[in-house]
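Beneath this line is the structure, given in structure tokens, with notes to follow.
Everything numeric here is computed off the predicted structure, so don't read it as measured data. In what follows, every chain begins at residue 1, and chains take the letters A, B, ... in the order their sequences are listed.
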Protein chains: 2
Amino acid sequence: MRRYYTIRDLADLFDITPRTLRHYEDVGLLKPARQGAQRLYSERDRVRVQLILRGRRLGFSLPEIAEMLDLYDADPTEITQLREVIRRGNEKLRQVERQISELEALREDLIAMRNRLEQVLQEKLNTSEGKGCSD
Amino acid sequence: MRRYYTIRDLADLFDITPRTLRHYEDVGLLKPARQGAQRLYSERDRVRVQLILRGRRLGFSLPEIAEMLDLYDADPTEITQLREVIRRGNEKLRQVERQISELEALREDLIAMRNRLEQVLQEKLNTSEGKGCSD
DNA sequence: CTGAAAACTTACGTGAACGTCAATACGGTT
DNA sequence: AACCGTATTGACGTTCACGTAAGTTTTCAG
């Protein structure tokens, strides 16, 4: 519940480097407060970093992550803008769901492969069971 | 059911460039047959390309994809090696399952955000309902 | 056989996402 | 005030996954 983090605090917290945080700032993903020249990251910044890193692990580019974060803290005044934000959100949602489907397919493939190999293993163990493989 | 594909056939089939296929060969993901200097891709090569591209869409690096493809067509002689392949396969499987969990968390986040925005939209529509927002 | 299309090799270029290094600048301690 | 550790701003370097361009065969329709 500390109110603020230095750049090193946050870096250590997520096992990244300060350079990475500055880079995220360069591309507009973070806008930490400053006291003088020093960056002061808030709790909200910490959460954003967490979301950014999750996005990276899932294979999204920084611009894509920016889109999603924009959805997150969008507070549109105009109804037209609001509808647009919802539309983009639904689009992202569909993309994520497609990705889940593909990942599940990959998981099925890996499971099938494992089963196949397990079976081969059992066969090998059986044939070499009596050491002479007679009968 | 064509037996062979030229590099352009495969490129067009997956909407990629020949350069991409040569690159996958450079890094050891493909080893197409040759007639002279020309590459001839088999049905098996086509399937591998499909798997490679799925891996890319899911955010895996080419080396990571190579690992998984190695698991796919591994035919280990020694039981020790076989166990090792199974172990690596299970490891990848767990990684994929973690990734699925994270994606599902992201999906939940997106859904929550959409619901929130939908609600804001409804409120906006209601307050501007009678155009004067009386009572 | 010829000429165009397509494939090949070689090699340098590129955008994304940082890494790394140099040169300050600033903050707290003794 | 001097010192040391940490932060900051450039700015160039690096890896990955190809893009792109040049120059050279190879293939194939006419």
Side-chain angles (χ1 to χ4, degrees), chain A residues 2-42 45-46 48-70 92 95 99 102 106, chain B residues 2-42 45-46 48-70 95 99 102:
Chain A
R2 282 149 75 197
R3 298 188 76 73
Y4 286 103
Y5 304 83
T6 73
I7 196 168
R8 176 134 302 278
D9 290 339
L10 222 48
D12 289 348
L13 196 52
F14 293 113
D15 200 33
I16 57 180
T17 69
R19 177 65 175 94
T20 299
L21 290 168
R22 295 198 192 97
H23 179 64
Y24 291 163
E25 187 174 349
D26 285 343
V27 299
L29 286 171
L30 296 172
K31 288 196 204 332
R34 301 276 183 139
Q35 74 168 14
Q38 246 172 310
R39 292 165 175 81
L40 281 184
Y41 295 89
S42 67
D45 289 324
R46 188 190 60 75
R48 284 179 74 90
V49 172
Q50 200 165 351
L51 293 175
I52 293 169
L53 295 177
R54 184 180 69 181
R56 293 285 311 133
R57 284 195 301 275
L58 294 175
F60 294 98
S61 69
L62 296 187
E64 280 175 318
I65 293 170
E67 272 186 68
M68 294 194 278
L69 289 180
D70 284 357
K92 267 293 166 193
Q95 181 189 341
Q99 199 159 336
E102 288 204 303
L106 172 56
Chain B
R2 281 150 76 196
R3 298 187 76 73
Y4 286 102
Y5 303 83
T6 73
I7 197 168
R8 176 133 302 279
D9 289 339
L10 263 195
D12 289 349
L13 197 52
F14 292 112
D15 200 31
I16 57 181
T17 70
R19 176 67 175 95
T20 299
L21 291 168
R22 295 197 192 98
H23 180 62
Y24 291 163
E25 187 174 350
D26 285 344
V27 299
L29 286 171
L30 296 172
K31 289 197 205 335
R34 300 276 183 139
Q35 76 168 15
Q38 248 172 307
R39 294 165 174 83
L40 281 184
Y41 296 88
S42 67
D45 290 323
R46 188 190 60 75
R48 286 179 73 91
V49 172
Q50 200 166 349
L51 293 175
I52 294 169
L53 295 177
R54 184 180 68 181
R56 294 285 311 134
R57 283 194 301 274
L58 294 176
F60 293 98
S61 69
L62 295 188
E64 281 176 317
I65 293 170
E67 273 188 67
M68 294 194 276
L69 288 180
D70 284 357
Q95 181 190 341
Q99 198 159 337
E102 288 203 305

Using atom [atom1] of [X] as one end and atom [atom2] of [N] as the other, report the distance to the nearest whole Å.
X: A/Leu53; N: C/dC18; atom1: CG; atom2: C1'; answer: 13 Å
X: B/Tyr41; N: C/dC8; atom1: OH; atom2: P; answer: 7 Å
X: B/Arg8; N: C/dC8; atom1: CZ; atom2: C1'; answer: 14 Å
X: A/Arg34; N: C/dG27; atom1: CZ; atom2: P; answer: 14 Å
X: A/Asp26; N: C/dA17; atom1: CG; atom2: C1'; answer: 11 Å
X: B/Glu25; N: C/dT9; atom1: CD; atom2: C1'; answer: 12 Å
X: B/Asp12; N: C/dA6; atom1: CG; atom2: P; answer: 10 Å
X: A/Phe14; N: C/dC18; atom1: CZ; atom2: P; answer: 14 Å

Q.
One thing to verify: whether B/Arg8 and B/Asp12 come together as a salt bridge, which I'm taking to mean a side-chain N less than 4.0 angstrom from a carboxylate O.
A.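 Looking at B/Arg8 together with B/Asp12, the answer is yes, because their closest N to O distance falls below 4.0 Å.
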Contact string for nucleotides 10-30 of chain D, one letter per nucleotide 5' to 3', B = base within protein heavy-atom range under 4.0 Å, S = sugar-phosphate only, - = neither, reads -B-----BBBB------S---
(Q) How long is the straight-line distance from CG of A/Asp70 back to NZ of A/Lys92, given to the nearest 0.5 Å? (A)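 Output value for this atom pair is 11.0 Å.
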Enumerate donor-acceptor pairs with a distance under 3.5 Å from any side-chain N or O in residues 27-35 of chain B to protein atoms, sequence neighbours excluded.
residue	atom	partner	partner atom	Å
B/Arg34	NH1	B/Ala37	O	2.9
B/Arg34	NH2	B/Glu25	OE2	3.0

- Task: Check B/Leu40 against B/Asp45 and note the closest heavy-atom contact, atom names and distance.
- Result: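 Nearest pair, atom of B/Leu40 first, then B/Asp45: O-OD2, 4.1 Å.
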### Message
Among residues at least two apart in sequence or on other chains, which ones pass side-chain hydrogen bond (donor to acceptor under 3.5 Å, both in side chains) with B/Arg54?
### Response
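Expected list: A/Asp109.
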At less than 4.0 Å, is any side-chain N or O atom of A/Arg39 found next to OP1 or OP2 of D/dT9? Yes or no.
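Checking A/Arg39 against D/dT9: at least one side-chain N or O falls below 4.0 Å of OP1 or OP2.
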* Between D/dA7, C/dC8, D/dT8, which nucleotide gets closest to the side-chain atoms of A/Thr6? ->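 Shortest atom-to-atom distance from the side chain points to D/dA7.
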Side chains of B/Phe60 and B/Met68: closer than 4.5 Å at any heavy-atom pair?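 When only atoms from C-beta onward are counted, B/Met68 and B/Phe60 do touch, with a gap below 4.5 Å.
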